[in-house]
Amino acid sequence: VVTGALVYLRAATNLERLQVGDVLGPQVFPTIVAVLMLCSGLLLAWETWRKENKTTSPLPLSGAAAAEVRRHRLVLLAMAAWTALYYVAFEPIGYVASTLVYLSALLFYFHRVNPLINIGYAAAFTAAAYLLFTDFLQVVLPAGIFQL
Amino acid sequence: MMDSWHGILHPLMVAGTPTNLLYTLIGVFIGTMISHLPGIGPSAGMALLIPITFGMNPTTALIMLAALMVALSFWAKRKSAATLRAAQTQAPAQRVP
């Protein structure tokens, strides 16, 4: 955030100054945003540093806890990869098929009950969102292999 | 000076148009719907809605995603608070003073 704010501030100061008309010029608003962003970034960094200092445990993680941390990282990576695959498949196979598969897989992993219930949730959400966006809001979604 | 005020007020005017307000409402509605799906958190909810915005006006899409994020965070916080309360009710002896 701090780096982004500095780049933004530099870009804002490079904007052309007006000699006539508006005395403040076009730099004012981007500069205010950049300064606020910089303050937020510094505040966030300070709070994170303070929290880490408070919560740092003097004892190393036990075997089970370390394995749990590793498992969480793997789940995070797998979810990121699965989401990337969803975005790639979105255009060629269409909204309905890709969302149904994506959501069903997430529900199978995070909500381990009867698979039919999970498929029901995924199908209901997909159909409702598809009808809402295509019929009511006229947003063009790729139909792909299914056509509702 | 007027141009600066216009620069500050213009985004508020854009956000307040009927179309953008409708998309804000829809973002909040979908966020509420997604947050009630079991096992789906705010990040997965955002991931689900991002591809839908590919074919939308960028301003409207950002407004809808912001509304969605607010709704997802709100429901996630409520769910966490409810879980914590339930855990404290079940184990009153372990309650932190």
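Chain identifiers are assigned alphabetically (A, B, ...) following the order of the sequence lines, protein sequences preceding nucleic acid strands; residue numbering begins at 1 within each chain.
- Every residue two or more places apart in sequence or in another chain that forms a side-chain contact (heavy atoms from CB on, under 4.5 Å) with A/Arg73 is listed here: A/Val69.
- In terms of heavy-atom pairs under 4.5 angstrom with chain B, the leader among A/Val139, A/Leu106, A/Leu141, A/Leu137 is A/Leu137.
- Contact annotation for residues 56-74 of chain B against chain A (heavy-atom separation below 4.5 Å, listed by residue number): B/Met56, B/Met64.
- Other residues sharing the hydrophobic cluster of A/Ile119, ordered by chain and number and joined by side-chain separations under 4.5 Å: A/Phe108.
- With values rounded to the nearest 0.5 angstrom, A/Tyr121 atom OH is found 10.5 Å from B/His36 atom NE2.
- Proximity to chain B (any heavy atom under 4.5 Å) is restricted, for A/Ala128, to the side chain, taken from C-beta onward.
- Note on A/Leu107, A/Leu132, A/Val140: by heavy-atom pairs under 4.5 Å with chain B, the leading option is A/Leu107.
- For chain B, no part of A/Ile117 is nearby; none of its heavy atoms comes within less than 4.5 Å.
- Both A/Leu85 and A/Tyr95 sit in one connected hydrophobic cluster of ILVMFWY residues. Membership requires side-chain heavy atoms under 4.5 Å apart, directly or through other members.
- Contact annotation for B/Ile40: only side-chain heavy atoms (C-beta onward) come within less than 4.5 Å of a heavy atom of chain A.
- Using a 4.5 Å cut-off between non-hydrogen atoms, the part of residues 11-31 of chain B that approaches chain A consists of B/Leu22, B/Tyr23, B/Ile26, B/Ile30.
- Hydrophobic clustering (side-chain heavy atoms under 4.5 Å, transitive across Ile, Leu, Val, Met, Phe, Trp, Tyr) keeps A/Leu36 apart from A/Leu43.
- In the hydrophobic cluster analysis, where Ile, Leu, Val, Met, Phe, Trp and Tyr join through side-chain heavy atoms closer than 4.5 angstrom, A/Leu77 is grouped apart from A/Trp82.
- A/Val88 and A/Phe90 are assigned to two separate hydrophobic clusters, defined by single-linkage of ILVMFWY side chains at heavy-atom distances under 4.5 Å.
- Two different hydrophobic clusters hold A/Leu44 and A/Val33 under the rule that ILVMFWY side chains link at heavy-atom gaps under 4.5 Å.
- Taking CE from A/Met37 and SG from A/Cys39, the interatomic distance works out to 11.5 Å, rounded to the nearest 0.5 Å.
- Contact tally against chain B (heavy-atom pairs below 4.5 Å) for A/Phe110, A/Tyr102, A/Phe133: the top residue is A/Phe133.
- Heavy atoms of other residues, nucleotides or ligands lying less than 6.0 angstrom from NZ of B/Lys79 number more than 12.
- Among the candidates B/Ile50, B/Ile52, B/Leu37, the residue making the largest number of heavy-atom pairs closer than 4.5 Å to chain A is B/Ile52.
- A/Gln138 contributes a side-chain N or O that, together with a main-chain N or O of A/Asp135, makes up a donor-acceptor pair within less than 3.5 Å.
- Donor-acceptor pairing under 3.5 Å is recorded for the side chains of A/Tyr86 and A/Thr99.
- A salt bridge between A/Glu47 and A/Arg50 is absent, with no side-chain N of the basic residue lying under 4.0 Å from a carboxylate O of the acidic one.
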